[in-house]
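So you know, we letter chains A, B, ... as the sequences are listed, proteins then strands, and number each from 1.
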There are 2 protein chains.
Amino acid sequence: MIPERGFPQIEFEQRLEKAQRLMSEKDLDVMFFCTEAEVRYFTGFLTQFWQSPTRPWFLCLPRKGNPVAVIPEIGADCMERTWIEDIRTWSSPHPDDDGISLLQETLEELSGGSKKIGLPMGPESTLRMPFQDFKMLQERLKGYEFNDATPLIQKLRMVKSELEIEKISHVCQLVSHVFETLPEWLLEEQTEIDVFRRFKIECLKEGVDDVSYLVGGAGMGGYSDIISPPKDKNLISGDVLILDTGCTFDGYFCDFDRNYALQKADDDVRNAYRVVYQATDAGLEAAVPGNTAADVFRAMNRVLETNGAKGGQVGRMGHGLGMQLTEWPSNAVFDNTVLENGMVLTLEPGMQFGENKIMVHEENLVIREEGPQLLTRRAPEELPVIS
Amino acid sequence: MIPERGFPQIEFEQRLEKAQRLMSEKDLDVMFFCTEAEVRYFTGFLTQFWQSPTRPWFLCLPRKGNPVAVIPEIGADCMERTWIEDIRTWSSPHPDDDGISLLQETLEELSGGSKKIGLPMGPESTLRMPFQDFKMLQERLKGYEFNDATPLIQKLRMVKSELEIEKISHVCQLVSHVFETLPEWLLEEQTEIDVFRRFKIECLKEGVDDVSYLVGGAGMGGYSDIISPPKDKNLISGDVLILDTGCTFDGYFCDFDRNYALQKADDDVRNAYRVVYQATDAGLEAAVPGNTAADVFRAMNRVLETNGAKGGQVGRMGHGLGMQLTEWPSNAVFDNTVLENGMVLTLEPGMQFGENKIMVHEENLVIREEGPQLLTRRAPEELPVIS
């Protein structure tokens, strides 16, 4: 069953209500957002047009009442099809004043007594507008205090609704199937580039909207880099291939990988695969409400360390997942986020082995009261050898 | 012929040399960048990993000597395969200090007497790092002046090398073919979603690396929105369909659209098509060295206005193109950028007609001494009707 696209209005009303409750606690008058995920979260505004860096987009969220979109005219028609009613536009690009006056007026109008404005300024946030424009806005709003709204928006977005989980689950299932049937066609392709292209086509045929993210590569006996584009290099017997993909359905991501050996595999790479597989098992056991993201990290890390993994500096072993390829929290020693029903996580244990080789494994799950529910179909227990 | 991937080292050395000449003129000691396009422009570092918002990435460019990469450890292997030799890494994510101390030290080390640091802060730039971290950096570098490097980087990136043009031209040709053969398969597909999916598959089969951007849609007698994702709605006789795509090859974009009518088309939409087609002709005539982007706008706008177009508030009629879907300059009344040999532009005249319908046409070209060279294969002169 393909999930319905979009969300009923009640979903957005609930998100708004939760946000406004948190704003009251923090005494924030108004928040504003300039990033794709946040604007979409509160409006449903879904467009790839964000890939053009030219125009800024804003959403203002008052402590009482409905959100106000402050956007370039080119997006008005698309925004009008969301539940947002108050849409204010300007003709953009406009180098002297690219929406800043309109944003300023809107913030002044929506702010009440406290003169406290919130926006995300903390970890993993970006300022998707020219810094000069932000400075100008701050100068014009001299009497106002700008507060970091990162923890607030994290808290909201980390816990997914059932409709969000349905979309993530759907894309995880589609891509699981593509990974499972990859051994049937892999040897028809020559180079890494060919394999990546075929994989994208198979995912699209299966029903994903976009293969936004596909990285990985192959190396003799193992790979050493997991973020690169494919090389124009033939796959040969003894190569170990990893494909790590973030495909989307209706704006929601999966993010997981699979490993394959071509024709043969040495013991050390088979063993590394077993270790990260077992680490994932340990991560699954720890992924329960009340535990922290750090607990999940430690559970996985223990398995890696007792099995001779040499570490690795990627900083974490999985993360939140949803509207973005990676979201909060991080499965990392520093992240004490308490897991809750409805959080969607990746488990991504990685280890070094041999001479500069790495092995990475990844699954996606949702935290449930009764224990974690896998959204991906579990990888094979042993490194698959394709011949 | 498929262009070779990547660039020879001399290309990066030339980009650096030009940058350093401009830095001397502006008395900038050092520049730093935190955005994908700028980091890639000077290094060749190509990865989709930027889609994860978690980690910041930095590149420092001194007035003398080679660039220094300040990046998360997870990217070291990928960066080591570029021409960059000085690669400084930290274990990221690291919420207390996500590369800021390392960036600070590097900037201090690379800056000479003037204590002037440049970074892009102007139109179309974003700060792809937490604002709090940027503020902390500014506070720690108290004696330093932060200057806007937007005009400098614009000047460099706007004029493409022959190797860059080759990549853009290649992807334009691939996608031109897909658009030309679309009438052969369009009626096999049912819904807008089906058509978009098939189009992506055809582009991949043809040889593009990614269909990063595909927007558009269909409407009876014309469409009213050009930035939306496809709808789950059957295409029917009388619909006018637009597909606007940014596909990539080796990190370089095409960006153009095509229009099609299904089975039949009214006079007013056929006429609107002719007008934007003629406006494009006028834009092509004006797209010569020495003219400005505003001249190109005015040439197109004159044709639209004398043919009864009702205007439209998208703010411009085309833009630069290359490593990003949209780049400087803008074909707009405010943009007095003087066109030069090697600039790659889109011409994108659009007009309103009838009741809330729009018609948009787009081609890609490179400015040459002897006149513009189309990179796309010209759209049909008359609105194609598929039956």
Side-chain angles (χ1 to χ4, degrees), chain A residues 5 46-49 51-55 72-75 77-78 81 89 91-95 98 121-132 134 148 150 197 200-201 204-205 209-215 224-225 227-229 232 246 313-316 319 324-326 330 332 334-335, chain B residues 5 46-49 51-55 72-75 77-78 81 89 91-96 98 121-132 134 148 150 197 200-201 204-205 209-215 224-225 227-229 232 246 313-316 319 324-326 330 332 334:
Chain A
R5 287 172 189 270
L46 177 65
T47 169
Q48 292 185 322
F49 199 64
Q51 284 181 46
S52 164
T54 299
R55 297 173 181 86
E73 176 63 31
I74 195 170
D77 201 272
C78 187
R81 276 184 271 108
T89 66
S91 175
S92 176
H94 194 303
D98 222 353
M121 309 191 219
E124 310 194 25
S125 73
T126 64
L127 200 61
R128 195 196 172 276
M129 62 187 289
F131 176 64
Q132 277 181 347
F134 182 67
D148 180 25
T150 311
R197 175 162 294 128
K200 289 172 193 176
I201 291 171
L204 286 164
K205 281 186 180 166
D209 290 343
D210 280 292
V211 187
S212 286
Y213 182 77
L214 181 63
V215 297
S224 61
D225 170 15
I227 68 164
S228 281
D232 197 9
Q313 296 295 312
V314 305
R316 61 179 180 179
H319 48 78
Q324 291 169 295
L325 180 70
T326 74
S330 290
F334 59 77
D335 195 328
Chain B
R5 287 171 189 271
L46 177 65
T47 169
Q48 292 186 321
F49 199 64
Q51 283 181 46
S52 165
T54 299
R55 299 173 180 86
E73 176 63 30
I74 196 172
D77 200 273
C78 187
R81 277 185 270 106
T89 66
S91 174
S92 176
H94 194 305
D96 300 331
D98 222 353
M121 309 191 216
E124 310 194 24
S125 73
T126 65
L127 200 61
R128 195 195 172 279
M129 61 187 290
F131 176 65
Q132 278 181 348
F134 182 68
D148 180 25
T150 310
R197 176 163 295 128
K200 289 172 193 176
I201 290 171
L204 287 163
K205 281 186 181 167
D209 289 344
D210 280 293
V211 187
S212 286
Y213 182 77
L214 182 62
V215 297
S224 60
D225 170 16
I227 68 165
S228 282
D232 196 8
Q313 296 295 313
V314 305
R316 62 179 180 179
H319 48 77
Q324 290 169 296
L325 179 69
T326 74
S330 289
F334 59 77

Counting heavy-atom pairs under 4.5 angstrom with chain B, the leader among Gly246(A), Pro123(A), Pro95(A) is Pro95(A)
Could you tell me how the ring of Phe49(A) sits relative to the ring of Tyr213(B): parallel (under 30°), tilted (30 to 60°) or perpendicular (over 60°)?
tilted
Side chain from CB out, backbone as N, CA, C, O: work out which of these in Ser330(A) comes under 4.5 Å of a heavy atom of chain B, or both, or neither.
side chain
Side chain from CB out, backbone as N, CA, C, O: work out which of these in Thr150(B) comes under 4.5 Å of a heavy atom of chain A, or both, or neither.
neither
Closest approach of Leu325(B) and Ser52(A), non-hydrogen atoms and distance?
CD2-N, 4.1 Å
Any residue meeting salt bridge (Lys or Arg N to Asp or Glu O under 4.0 Å) with Arg5(B), in chain and number order, not counting sequence neighbours:
Asp209(B)
Heavy-atom pairs under 4.5 Å with chain A - which of Ser228(B), Ala332(B), Gly75(B) has more of them than the others?
Ser228(B)
About how many Å separate CZ of Arg128(B) and CZ of Arg128(A), when rounded to the nearest 0.5 Å?
13.0 Å
If we ignore hydrogens and angles and just use 3.5 Å, is the side chain of Glu124(B) paired with the main-chain N or O of Pro53(A) as donor and acceptor?
no
Proximity breakdown for Thr54(B) and chain A, heavy-atom pairs closer than 4.5 Å:
both
Sort out for me which of Val211(B), Leu127(B), Val215(B), Asp96(B) touches chain A most, counting heavy-atom pairs under 4.5 Å.
Leu127(B)
Salt bridge (Lys or Arg N to Asp or Glu O under 4.0 Å) against Asp225(B), all qualifying residues, sequence neighbours excluded:
Arg81(A)
If I compare all heavy atoms of Gln51(A) with all of Ser212(B), which pair ends up nearest, and what's the gap?
NE2-O, 2.7 Å
Residue selection (most heavy-atom pairs with chain A, distance under 4.5 Å) from Thr47(B), Asp77(B), Ile227(B), Asp210(B):
Ile227(B)
Where does the angle between the aromatic ring planes of Phe134(B) and Phe131(A) fall among parallel (under 30°), tilted (30 to 60°) and perpendicular (over 60°)?
perpendicular
Among Lys205(A), Lys200(A), Arg197(A), Gln324(A), which residue has the highest count of heavy-atom pairs closer than 4.5 Å to chain B?
Arg197(A)
Below 4.5 Å, heavy atoms only, C-beta onward: do Gln132(A) and Asp148(B) meet side chain to side chain?
yes
